[in-house]
Amino acid sequence: MNTPMMIELLAIVAMSLSIAAVWSPVRHAWIGMYIMFIGLALLTQWIKPIALMSLCVFALVVWLSTLKKTKLLSIGVNTLVVLVTLVAAARLAPGFTHVSLLEDTQLSNNTGWSALRFSADKVSIGLFLLVAHRELLCKTLKECTRILAPNIVSIIVGCLGIYVVGLIVGFATLDVTLSPLVLVWLFRNLIFTVVAEEAFFRGFIQSRLQSSIASPHAPIYALLISAVLFGLVHIYGGWEYGLLATIAGVLYGYVFMKTGRIEPSIVAHSVLNTGHVLLLSYP
């Protein structure tokens with residue numbers, strides 16, 4: 001393994017530890033690991049100096065969303081959060097490249113070829129959103145286990161239902177995957193995709209809608225709206241993908257609504273994606 005690749009791996013580890021440190025009892029423990037990530041990423045040109053400006057904008061907008069504001073100003077700031085998150089997710093912010101650990105990867109004979117790429121923009125804003133909404137995180141592992149246990153059956157049944165819908169609409173086919181590359185894929189998916197998406201769609205969108213809609217049915221409306229938005233951002237994979245993502249968004253939103261915590265939705269999202277990779281193949 002050459003030196004640049006080793007530094008890239010260390011940067012990925014630093015980012016992962018930064019996210020994990022959000023759950024640390026030490027409130028600002030994540031900062032040190034994130035600064036280390038920035039330094040390593042700059043060293044390998046994973047991110048370029050101009051990306052620091054983008055990251056500052058991401059952090060500033062998310063921080064502004066936590067301040068007390070008038071209703072009109074709150075709408076404006078929340079809209080900014082949505083816009084910068086979409087820019088980050090679409091990789092339109094300047095200065096960001098990606099690290100590709102494995103090119104031309106095929107997890108099974110029937111699955112399309114792809115690359116295992118790590119991008120720093122989407123995961124960074126996910127990190128900032130987690131930090132900004134610590135009130136939605138479990139304080140201890142015991143609390144997390146306590147609120148997750150009653151929802152395990154709902155998560156498993158929901159995931160199985162989504163797999164069945166995927167098979168019915170022809171988006172997926174049965175295809176058991178035993179490749180060791182699955183472990184790398186699952187790690188990247190959890191840290192660099194799932195956590196960021198749940199921090200945004202459930203931790204920010206659904207929770208903000210739930211608190212701002214003046215209706216006794218606000219939790220249901222917030223769940224449905226966030227699920228539809230989640231489906232829309234996945235429509236690039238076709239209507240079937242958008243449909244499945246919407247249904248999945250309902251599942252993630254349901255466990256978030258029941259528990260008021262992000263961890264169950266992260267678990268549900270991870271379980272669904274793990275089953276997809278291990279049991280199904282799709283374009």
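Residue numbers count from 1 along this sequence.
- Through direct or relayed side-chain contacts under 4.5 Å between Ile, Leu, Val, Met, Phe, Trp and Tyr, L183 connects to no other residue.
- Both I156 and I266 are assigned to one and the same hydrophobic cluster, defined by single-linkage of ILVMFWY side chains at heavy-atom distances under 4.5 Å.
- The ring pair (Phe, Tyr, Trp, His ring centres under 6.0 Å) test applied to F256 returns no partner, not counting sequence neighbours.
- Through side-chain heavy atoms spaced under 4.5 Å, either directly or across other Ile, Leu, Val, Met, Phe, Trp or Tyr residues, V153 is tied to V157.
- Of all heavy-atom pairs spanning G242 and I235, the tightest one is CA-CD1, 3.9 Å.
- Put simply, the side chain of S74 never gets that close to the backbone of T70: no donor and acceptor are under 3.5 Å apart.
- A side-chain donor-acceptor contact under 3.5 Å links S124 to the backbone of A120.
- The minimum heavy-atom distance between P264 and T259, with the atom names listed, is CG-OG1, 3.5 Å.
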Should D121 and L55 be marked as a side chain to side chain contact (heavy atoms under 4.5 Å, CB included) after you check the CA-CA gap, both sets of side-chain angles, and the distance that decides it? CA-CA 8 Å; D121 36 14; L55 292 173; over 6 Å; no

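- The backbone N or O of F204 lies less than 3.5 Å from a partner atom in the side chain of S207, making a donor-acceptor pair.
- Cluster annotation: L174 and L244 are assigned to the same hydrophobic cluster (Ile/Leu/Val/Met/Phe/Trp/Tyr, side-chain heavy-atom contacts under 4.5 Å, transitive).
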Ring pair (Phe, Tyr, Trp, His ring centres under 6.0 Å) between H269 and F230, worked out: CA-CA 12 Å; H269 199 153; F230 187 69; 5.7 Å; yes

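- Ring orientation note: the planes of F187 and F118 are tilted relative to one another, at an angle of 30° to 60°.
- For A93, the side-chain contact (heavy atoms from CB on, under 4.5 Å) test picks out S54, F58, V87, F96, with sequence neighbours left out.
- Here M53 is tied into one hydrophobic group with I50, each link being a pair of ILVMFWY side chains closer than 4.5 Å.
- Hydrophobic clustering keeps L80 apart from L64 (ILVMFWY residues linked when any side-chain heavy atoms are closer than 4.5 Å, directly or through intermediates).
- Within the structure, the ring-ring contact (aromatic ring centres under 6.0 Å, His included) test picks out the following pairs touching residues 140-169 (sequence neighbours left out): Y163-H276.
- In plain terms, the two heavy atoms of E263 and C144 that are nearest each other are CB-SG, 3.7 Å.
- Looking at T97, its side chain does come within 3.5 Å of a backbone N or O of Q45 through a donor-acceptor pair.
- Closest heavy-atom contact between I191 and S16: CG2-OG, 3.7 Å.
- A donor-acceptor contact closer than 3.5 angstrom is absent between the side chains of E8 and T44.
- For E143, the CD atom counts as densely surrounded, since its 6.0 Å shell holds more than 12 non-hydrogen atoms of other residues, nucleotides or ligands.
- Remark: L279 pairs with no residue by the side-chain contact (heavy atoms from CB on, under 4.5 Å) rule, at least two apart or across chains.
- N273 places none of its side-chain heavy atoms less than 4.5 Å from the side chain of L190.
- There is a side-chain donor-acceptor pair under 3.5 Å between R91 and S119.
- The shortest non-hydrogen separation linking R134 to V22 is NH1-O, 2.9 Å.
- Here the side chain of Q206 pairs a donor or acceptor atom with the backbone of G253 at under 3.5 angstrom.
- Each ring-ring contact (aromatic ring centres under 6.0 Å, His included) pair with one or both residues in residues 3-44, not counting sequence neighbours, appears once here: Y34-F37, Y34-F128, F37-W46.
- The environment of K48 atom NZ is sparse: at most 12 non-hydrogen atoms of other residues, nucleotides or ligands sit within 6.0 angstrom.
- Applying the under-4.5 Å side-chain rule to Ile, Leu, Val, Met, Phe, Trp and Tyr, the cluster around L141 consists of that residue alone.
- For the residue pair I155 and A268, the shortest heavy atom distance occurs at CG2-CA, 3.7 Å.
- Between L60 and C56 there is no side-chain heavy-atom pair separated by less than 4.5 Å.
- Considering CE of M33 and CD1 of I31, their distance stands at 13.0 Å, rounded to 0.5 Å.
- Residues passing the side-chain contact (heavy atoms from CB on, under 4.5 Å) test with V250, sequence neighbours excluded: L223, A227.
- Here A132 pairs with V62, T66 under the side-chain contact (heavy atoms from CB on, under 4.5 Å) rule; sequence neighbours left out.
- Criterion: ILVMFWY side-chain heavy atoms under 4.5 Å apart, direct or through other members. Under it, V255 and I220 are part of a common hydrophobic cluster.
- Under a hydrophobic-cluster definition in which Ile, Leu, Val, Met, Phe, Trp and Tyr are linked whenever side-chain heavy atoms come within less than 4.5 Å, directly or via other members, Y221 and I75 are assigned to different clusters.
- Between F171 and Y241, the distance separating the two ring centers is shorter than 6.0 angstrom.
- A distance-only check finds a donor-acceptor pair linking the side chain of S24 to the backbone of V26 [under 3.5 Å].
- Scored by the ring pair (Phe, Tyr, Trp, His ring centres under 6.0 Å) test, Y254 finds no partners at all (sequence neighbours excluded).
- Around atom CG of L67, more than 12 heavy atoms belonging to other residues, nucleotides or ligands sit under 6.0 Å away.
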Apply the test side chain to side chain contact (heavy atoms under 4.5 Å, CB included) to residues V84 and I125: give CA-CA distance (whole Å), side-chain angles for both, the deciding distance (0.1 Å), then the verdict. CA-CA 9 Å; V84 298; I125 199 163; 3.6 Å; yes

The test is side chain to side chain contact (heavy atoms under 4.5 Å, CB included); show your working for H133 and R202 and say whether it passes. CA-CA 11 Å; H133 298 284; R202 260 54 65 179; over 6 Å; no

